[in-house]
Protein chains: 2
Amino acid sequence: MTDRPAPPSADAGGATEQTGVGGAAGGEPATARGEQTRQLILDTALRLFRERGYAQTTMRGIAKEAGVAVGNAYYYFSSKEHLIQEFYAETGVEHRARAAGVLARETEFAARLRGVLHAGVDTLAPSHEFAATFFKTAAEPTSPLSPFSAESSPTREASIALFRDTLTGSTAKVDPELGDELPELLWLAYLGVVLYWVHDRSPGQAKTRALIDGAVPLIDRLVGLSRLRVLRPVTRDVLGLIRTLRQ
Amino acid sequence: MTDRPAPPSADAGGATEQTGVGGAAGGEPATARGEQTRQLILDTALRLFRERGYAQTTMRGIAKEAGVAVGNAYYYFSSKEHLIQEFYAETGVEHRARAAGVLARETEFAARLRGVLHAGVDTLAPSHEFAATFFKTAAEPTSPLSPFSAESSPTREASIALFRDTLTGSTAKVDPELGDELPELLWLAYLGVVLYWVHDRSPGQAKTRALIDGAVPLIDRLVGLSRLRVLRPVTRDVLGLIRTLRQ
DNA sequence: CAGCCGTGTCGAACACGTTCAACTTCTCTG
DNA sequence: CAGAGAAGTTGAACGTGTTCGACACGGCTG
C-alpha cells in the first residue's frame with residue numbers, strides 16, 4: 001500500500017519556464033509537470049469535498065486518490081484551507097458567466113440585481129452541504145480565506161466589479177456620491193445573502209430565494225429614494241458612517 | 001512528569017445529590033467534587049484562552065495546568081469548542097449586569113440602546129484577540145455554538161430579553177406589530193455589531209464604537225418613521241419578509 | 001559528458017483533538 | 001460494615017493536519 005511504481009503519466013514533453021518566483025506552496029508551478037500535478041490534486045480535492053464533505057475529506061485521502069504523497073499536496077497548497085481559496089476563484093468565474101445573460105438582457109436595476117444575486121446562489125447550490133462546513137473558516141478575521149483578507153483581494157475585486165456592472169449598466173439614476181460606494185455595498189449585501197444561504201436549511205434553499213426576491217425591491221426603492229431632497233441628509237449620514245467604518 | 005500525588009484539595013465534605021441525569025459531558029456534575037473539578041477546568045481553560053489564544057491553547061495544556069488528565073476534561077466538556085459555550089454564558093451574564101445601570105437611568109430609546117450595545121462591547125473587550133480566533137466556530141451553521149443553534153437557546157433568549165427590556169422600558173412609541181419583532185431584530189443588529197467588532201483591528205476597537213454611535217440614531221429614526229402612514233406599506237413588507245425568513 | 005541546482009516528490013514523524021476501557025473514589029443500601 | 005454501583009479519573013492509543021529532511025528528475029553550464 002505504501003509502494004507505488006513510477007507514475008504512469010505519459011507526459012507530453014516539457015515547456016520549460018524559468019520564472020523562479022521562489023515560493024513553493026501558493027506560488028504557481030514553474031514546469032508543465034508541476035502544473036499538471038497541481039491541477040490533479042485540486043480537482044481531486046474539490047471532488048472529494050463535494051462527495052464526502054470538507055471535514056470528512058482527509059489530506060491523506062486526497063493524496064491517495066490523486067496518486068501522490070501527502071507532502072506533495074502541501075508543496076502546492078500550503079494548507080487544507082487553501083484548497084478552498086481555489087474553490088472561491090472557480091465560483092467567482094462561474095458566477096460572472098451565469099450573470100452575463102441577465103446583464104445582457106435586462107436594463108432595469110432591480111431586474112439586473114435580482115438576476116445577479118440568483119446567479120450567485122445558482123452557482124453555489126451544488127456545494128451547499130460542503131460550503132456550510134467550511135464556511136466557518138471564511139468567518140475567521142485572521143484567515144487568508146476571509147472575504148476581506150488581502151489574499152482574497154482578486155476574487156473580491158472581481159465580485160465588486162460584477163456589481164458595478166450591475167449598477168452602471170442599468171437605467172437607474174443614482175446620487176453620484178452614493179454611486180461610488182454602492183457596488184461595494186451591493187457586494188456586502190451579497191455576502192449577507194450567502195451568509196443566510198449557508199444557514200438556510202429549507203428544501204432547495206427556497207428561503208434564500210425569497211430573501212432575494214423580497215430584498216431587491218426594498219434596495220431598489222431605497223436607492224431611488226436616496227435622491228430625494230428630504231432624505232439627502234440621511235443619505236449623507238449613512239455615507240459618512242460607511243466611509244468611517246471602512247477599514 | 002506523568003505522575004502526580006493526590007490532589008491537595010482540602011475539599012469540604014460532600015453535598016450528595018442523586019439526580020443521575022445520565023449523561024457525562026454536558027450534563028451537570030452530580031457531586032460537589034465534580035462541580036469543583038468542572039469549575040477548575042473551566043477557569044483554567046478560559047484563562048489560558050485569554051493568555052495564549054484559543055488555537056494556541058491545547059487540551060493537554062489545560063489538563064496539565066489544571067492538574068488533571070486530558071480525559072477528565074472531556075468528562076465535563078464534550079469538546080474544546082464546548083468550553084466556549086461557557087464563555088458565552090458568562091459573557092451574557094456580565095452584559096446584563098453592565099447594562100443594568102443604563103437601563104435604570106435612561107428612558108429614551110436611543111440612549112438605552114446605545115448604552116446596551118456599548119455595554120456588550122465593554123464586556124467582550126478583554127477577550128478581543130481570542131474571540132477573533134474562535135469566532136469562526138460560531139459561524140458554522142451546524143455547530144452547537146452557533147448563536148442560532150438549539151444549544152445556544154438559553155443564552156440567546158436571555159440576550160433577546162435584554163433588548164426587549166431596552167425597548168419596553170423606553171418612552172418610544174412603536175408600531176405594535178413591529179414591537180413584537182423588534183427585540184429580535186435588535187439582537188440581530190447586536191450580532192452585526194459583534195461581527196464588525198471581531199474584524200475591527202482599529203486601536204481599542206474604536207471603529208466599533210463609531211459604528212454604534214452612528215447606527216443607533218439611524219435605527220431610532222427608522223423605528224420612529226415606521227408609524228408614519230406613508231411608510232406603513234413598507235413596514236408591512238419588511239415585517240412580512242422577516243416572518244417568512246425566520247427559520 | 002560531468003556536475004550542479006532548481007523543481008518536484010516522498011513518507012516518516014510531530015502535536016493536536018478526541019476516544020475508551022480500565023481503574024479509583026465515594027455514597028448509599030442491605 | 002460489606003459490597004454494589006454510580007461518579008469521577010486516568011493515560012495510552014487513534015486519526016487528523018502539517019512539517020521536514022532526504023531523495024529523484026531534468027535541463028543547463030563548464
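Computed from heavy atoms alone, side chains included, the values below leave out hydrogens, waters and symmetry copies. Convention: sequence-line order gives letters A, B, ...; per-chain numbering from 1. Note that the structure is predicted; figures quoted are calculated from it, not measured.
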Between atom [atom1] in [X] and atom [atom2] in [N], what is the gap in whole Å?
X        : N       : atom1 : atom2 : result
Arg52(A) : dT16(D) : CZ    : P     : 11 Å
Leu83(A) : dG17(D) : CG    : P     : 11 Å
Tyr76(A) : dC10(C) : OH    : C1'   : 13 Å
Arg38(B) : dT9(D)  : CZ    : P     : 13 Å
Gln36(A) : dG26(D) : CD    : C1'   : 16 Å

Positive for side chain to side chain contact (heavy atoms under 4.5 Å, CB included) with Glu65(A), one of Thr44(A), Ile41(A), Leu40(A):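 Answer to the side chain to side chain contact (heavy atoms under 4.5 Å, CB included) test with Glu65(A) among Thr44(A), Ile41(A), Leu40(A): Thr44(A).
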Give a yes/no on whether any side-chain N or O of [X] is located under 4.0 angstrom from OP1 or OP2 of [N].
X        : N       : result
Asn72(A) : dC10(C) : yes
Thr31(B) : dA6(D)  : no
Tyr75(B) : dT9(D)  : no

Do nucleotides 13-19 of chain C as a string where each nucleotide becomes B, S or -: B if the base has a protein heavy atom under 4.0 Å, S if just the sugar-phosphate does, - if no protein is that close. B--BBBB
Using salt bridge (Lys or Arg N to Asp or Glu O under 4.0 Å) as the criterion, point out the one residue from Arg246(B), Arg156(B), Arg164(B), Arg243(B) that pairs with Glu184(B). Arg246(B)
Other residues, nucleotides and ligands only: do more than 12 of their heavy atoms fall within 6.0 Å of CD on Glu157(B)? yes
Could you tell me whether Glu129(B) atom CD has more than 12 heavy atoms of other residues or ligands within 6.0 Å of it?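 Not buried by this count: 12 neighbours or fewer within 6.0 Å.
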Describe, in one word, how the ring planes of Trp187(B) and Phe148(B) are oriented to each other, choosing from parallel (under 30°), tilted (30 to 60°) and perpendicular (over 60°). perpendicular
In terms of side-chain heavy atoms, does Ser152(B) have a donor or acceptor partner in Ser149(B) at a distance below 3.5 Å? yes
